[in-house]
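The structure appears right after this line, and notes come after that.
The sequence lines fix the lettering, A, B, ..., with proteins before strands; numbering per chain opens at 1. Hydrogens, waters and symmetry mates play no part in the numbers below; they use all other heavy atoms, side chains included.
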Amino acid sequence: MGKILEINGPLVKLELPSTVIGEQVRVGRLGLVGEVIGRDGDTALAQLYEDTAGLRPGEQAEGLGWPLSVELGPGLLGAIFDGVQRPLHAVWEKSGDRMARGVAVPSLPRDRAWRFVPDPARRPGETLAGGDVLGTVQETESIAHRILVPPLARGELLELAPEGEYTLDQAIGRIRLSDGGIDKLYLFHRWPVRTPRPFRRRDHAVQPLITGQRILDTFYPLLKGGKAAIPGPFGAGKTMLQQQIARWCNAEIVIYVGCGERGNELTDVLEFMPELKDPHTGRPLMERTLLVANTSNMPVVAREASVYVGMTLAEYFRDQGYDVVMVADSTSRWAEALREVAGRLGQMPVEEGYPAYLGSRLAAFYERAGRVETLAGGHGSVTLIGAVSPPGGDFSEPVTSHTKEIIQTFWALSKELADARHYPSVDWLESFSGYVPSAAKWWAENVDPDWETARAQALDLLAESEELQRIVNLVGVEALSSEQRWTLEAAGLIKEGLLQQAATDEIDSFASPEKQYALLAALLEIHRQGMKLVKLGAPARRLIQMPLLAQARRWKSQHKSDDLARLRKKIAAIPAEFEELLREYAQSSTR
Amino acid sequence: MKNIEFRTATSAQGGLVVMSGVPGVASGSRVQLRDHAGRVRSGLVIRAADEAVLVEVFEGTDELDLERTWVRFLDEPFKLPVSRDIMGRVFNGAGVPRDGRPPIVSADRRDVNGEPLNPAARAYPREFIQTGISAIDGMNSLTRGQKLPIFSGGGLPHNRVAAQIVRQAKLLGEDAAEFVVVFAAFGASHADARFFQESFEESGVLNKVVMFLNLADEPVIERLLTPRAALTAAEYLAFDLDYHVLVVMTDMTAYAEALREVAVLRGDVPARKGYPGYLYSDLAEIYERAGRIKNRRGSITMIPVLSMPSDDITHPIPDLSGYITEGQIVLGRELANQGVYPPVSVLPSLSRLMKDGIGKNFTREDHPHVASQLFASYAKALEIRGLAAIIGAEELSDADRRYLQFAEAFETRFIGQGEDEDRSVYETLNLAWDLLSTLPPEALIRVSEEELAKYHKWQAGAEAA
């Protein structure tokens, strides 16, 4: 037992010999919890996850003997936790509307019994290794929770419980470890959040993550197991885009970490998600979703921990063989929490006050994403999507620039697009994706062999129109040739008819890969037909007046993804729309 | 401990006093200092160790004689006494009456720092608040429980806009309970404070206003306490007495500057522009106290006013605020110079919670699409206006000239309105359709075809005179 020497904001100096860096401590009369971040002789420096007001020098302190860990087992799905995995609903019931300090509630409910079905392949006497599946608990209708042997355990299975109802406190089996000791197995186990969970080996990511958002899937794809960043100034629609991804993506588990973000946004997710159906299974989305929430007004040290808590939960589901998407909103707040603590420790700041280890911490964190072969031999993936909130929208600031070097897919949000209410405001010139070749294979096999060409054509058109727009801004549209004007118009058609997507529109909110490609091909076809005419000498003015152009802009919100027959009919009719004009100009040019 | 006076101050500088030989002082505890003239100052323990205790003095350390300063540690955080009697009263930043009337006597004293709301206990803001200002109601709607700041600049009429919102704000429908107002000014001029006071008086709401004033010539450190005291009062009114509370705070820039001043004295490592790294967390502690709670009737809606240093929206104060608040109303100097009041620059303005507070069950079914269309059409019109400035308006096509006229009408008729003009949201939407009717239907792709048929009054062939 030790005591408090000094209190300085969230940092507390303790007289506490023989603690280990990273070890959890319990401090003061309120029993506030924190972790040791430094040692000097008999004194230890700890950062606390809760507000330190009211603590006094001389109050007691004790080391708990383990690092910050999370509980992994049934009860995770549909739950909302704070940055150190306290279940917010249970805390609410226990301590009221406000976050009281020193409340100890187990992360997973202990009073609930789960129906455990042992894996029929398991036999007493066999040798089990970490990550092996003991059985399943059907946690929600869409997700079977596989109960795993803790990753570091290894030994002979002595006994496995029969099918039945068990609480987390009841043992479901016994194992004889290699050192001869006997351990009980439970429906859950603990894992320290700052240590990546082990796996057999890394796999290549091969499948695209379908988000239903056209600018993402069609233009800047992300793979399952990939790493992406969404940087954007405030008001650029970052949160909206992430929520769209969380709602619609074809992962099996979605983990949303609200790190230093707005309270009302989390409430929105909490109230909205249960009403929404998973487009792939038809079940409520909440059944596959898990929230970690440390809002901006909650203590800063727990904010730093929250992304690791989220990542460990993601790895746990990956180890069960699931494809997991983790959205971290926002990694900038996490970096700022690092900076705040570094500042209080008096560490030498480098860029913008950030500590020198910012880049390596970010890289190590993003490296926990990936598609792997699990210890049990299955395949699972963690796709990491990190939001970045660059101050003043300046992408050259430290967090954005470090992140840019680490990730493969970069969805740059633009304030200009958002101001013009072009949503999602993903900038098609600033964004990039290193996964296009892998994604192209999938699209070619599953949707259309021409996907890669069509995508490139559309991007060329957009880039060309940007050049032309610059000319227009200088000398006016009259200076352009008919061909150039038509290019400009066709690019506008792609922006409005394809890239813009209304999250609040029931039909437009999600577009299947088939619908995405159909629209893309259709708009390119309009461009091609028009170009033929222009080359025959038709003035762009006449083309621009065609009612087809206004109609095509509405197709995205008129045709559901699962009912594309009518859309395909309209697309097939495109050449006919141009026929009359074509005849007219073909004659005049031969004359 | 409460009753012992210590005379062990060892150093004092710019509002901070170091005390030695006072063991066991609680971090965050309130302190009373009595100086040689008998004047009592208050302070806060910001760093506690047995050897030395660092105290922040709200009234500053001017004329403090270390040898003749007596310090008492009150062993509790800063608390604000609350009761129904706070309505209609004026306090200073530390909650002491400044209206010449007796102090509030109440056994109910609340820690001004509050405690963070459990995210699971929050209820999502939904109900539309009508402010009577078209640029806000039509395109950046405010909802109950939202925090929507006004981003302004020196010399712009943000105070007049804020006062107009306070006068006109109402809820639609049967549950149209009235608002009470908590007004906090920090670093404000005497003239600004008087303007608000008179504005509340004239509209007869003064007895429903609680004011917390820390004016420009008053202690800087007290500024850090002012918004916290005001929000403690607001939380009491909203969640104990079931009122809908509108909190107006001006000016957050003065607050952040006070925070920087103190941070530098403490020796904190600066992050951007000398502001401490915890500016974001500190602002969030204030802004996040807005909201609604499940199973409680009251609500706190917050309108902080913030002047952007040299109109720079990327300055750390508006930038960090924008990441916490649910949108922003931006006032524009160009519009103000054209004589448009309120000079709301609609393109950079945004209300994040708007989507859930408008439309069929709240305002009118066409509202979301109309708002989106106005943004798109006005953005396009501004593009054309920029072009016209280069190549001359004569060179524009008829269609483009129509957009120029639309922009003109939109700015003067839709954004512009009288300071006493209270437009209902239906008037605002009808006005929007009047303006959109000057553009051809094929140019309006954000509204549905049904809405076009119902509201759009386009006359084909009408001259773009």
Side-chain angles (χ1 to χ4, degrees), chain A residues 5-8 13 52-58 80 88-89 91-92 96-100 234-235 239 260 262-264 266-268 270-271 293 295-298 300 333 336 339-340 342-343 346 349 352-353 389 391-394 419-421 472-476 478 496 504 547 550 553-554, chain B residues 23-29 47-50 77 113-125 145-146 268-272 276-278 280-281 284-285 288-289 291 293 314 316 319 322-324 326-328 347-348 350 353 355-356 368 372 375-376 379 386-387 390-391 395 442 445:
Chain A
L5 296 176
E6 184 183 341
I7 304 121
N8 174 20
K13 198 189 269 176
T52 54
L55 281 187
R56 303 161 194 277
I80 173 169
L88 287 174
H89 277 114
V91 170
W92 183 28
D97 297 336
R98 312 249 159 212
M99 295 294 289
F234 70 85
T239 304
R262 306 178 181 90
N264 279 331
L266 280 159
T267 311
D268 186 21
L270 275 177
E271 290 189 8
T295 56
S296 56
N297 56 337
M298 287 158 81
V300 66
R333 304 297 163 231
E336 283 167 12
R339 174 171 72 183
E340 197 171 326
E352 305 231 348
S389 318
D394 171 15
D419 281 353
R421 297 316 191 252
V472 171
N473 288 346
L474 284 178
V475 291
E478 299 300 330
E496 288 172 43
T504 49
R553 282 173 162 87
R554 290 180 194 278
Chain B
V25 171
S27 160
S29 145
R47 199 163 167 166
D50 281 350
N113 291 307
E115 280 177 320
L117 208 52
N118 186 329
R122 278 186 188 271
Y124 190 67
Q146 184 175 12
D268 292 335
V269 176
R272 276 175 74 207
Y278 51 81
Y280 179 82
S281 305
E285 271 175 26
E288 282 287 337
R289 288 171 83 170
I293 301 180
T314 67
D319 189 52
Y323 278 118
I324 308 165
E326 286 128 358
Q328 65 277 338
L347 296 189
L350 170 75
L353 305 184
K355 62 180 172 34
D356 299 305
S372 169
F375 276 117
L387 185 59
I390 297 164
I391 60 167
E395 300 291 317
E442 58 271 18
I445 64 150

Among [options], residue most engaged with chain B (heavy-atom pairs, under 4.5 Å):
options                                : answer
A:Leu266, A:Ile80, A:Leu55             : A:Leu55
A:Ser296, A:Pro349, A:Ala420, A:Ala550 : A:Ser296
A:Gly346, A:Gly263, A:Gly343           : A:Gly263
A:Arg421, A:Met99, A:Glu6              : A:Arg421
A:Gly54, A:Ala53, A:Gly393             : A:Gly54

Could you go through A:Glu340 and B:Asp268, starting from their C-alpha distance and side-chain angles, then the distance that decides it, and tell me whether this counts as side chain to side chain contact (heavy atoms under 4.5 Å, CB included)?
CA-CA 10 Å; A:Glu340 197 171 326; B:Asp268 292 335; over 6 Å; no
Closest-packed option against chain A by number of heavy-atom pairs under 4.5 Å, given [options]:
options                               : result
B:Ala379, B:Ala376, B:Ala271          : B:Ala271
B:Pro119, B:Pro316, B:Gly327, B:Gly28 : B:Pro119
B:Pro23, B:Pro368, B:Gly145, B:Ala49  : B:Ala49
B:Phe375, B:Tyr124, B:Tyr323          : B:Tyr323
B:Ala120, B:Pro125, B:Pro276          : B:Ala120
B:Ser29, B:Pro116, B:Gly277           : B:Pro116

Between [Y] and [X], is there a side-chain heavy-atom distance shorter than 4.5 Å?
X        : Y        : result
A:Asp394 : B:Thr314 : no
A:Asp268 : B:Lys355 : yes
A:Asp97  : B:Leu117 : yes
B:Ile293 : A:Arg98  : yes

Roughly how far apart are [X] [atom1] and [Y] [atom2], rounded to 0.5 Å?
X        : Y        : atom1 : atom2 : answer
A:Glu352 : B:Arg272 : CD    : CZ    : 6.0 Å
B:Glu288 : A:Thr295 : CD    : OG1   : 5.5 Å
A:Met298 : B:Asn118 : CE    : CG    : 7.0 Å
B:Arg122 : A:Leu88  : CZ    : CG    : 12.0 Å

Determine whether a donor-acceptor pair (N or O, by modelled atom type, separation under 3.5 Å) exists between the side chain of [X] and the backbone of [Y].
X        : Y        : result
B:Tyr280 : A:Gly260 : yes
B:Asp319 : A:Gly392 : yes
A:Arg262 : B:Ile324 : yes

Over all heavy atoms of both residues, which pair between [X] and [Y] is shortest? Give the atoms and the distance, please.
X        : Y        : answer
A:Asn264 : B:Glu326 : ND2-OE2, 2.8 Å
A:Arg56  : B:Gly24  : NH1-O, 3.1 Å
A:Phe234 : B:Gln328 : CE1-OE1, 3.3 Å
A:Trp92  : B:Ala121 : NE1-CB, 3.3 Å
A:Glu271 : B:Ala123 : OE2-CA, 3.8 Å

Measure distances from [X] to the heavy atoms of chain A and classify the residue's part below 4.5 Å as side chain, backbone, both or neither.
X        : value
B:Ser281 : both
B:Ala26  : both
B:Leu387 : side chain
B:Ile390 : side chain
B:Pro270 : backbone
B:Pro348 : both

Contacting region of [X] [heavy-atom separation from chain B under 4.5 Å]:
X        : result
A:Ser389 : both
A:Val475 : backbone
A:Ile7   : both
A:Arg339 : side chain

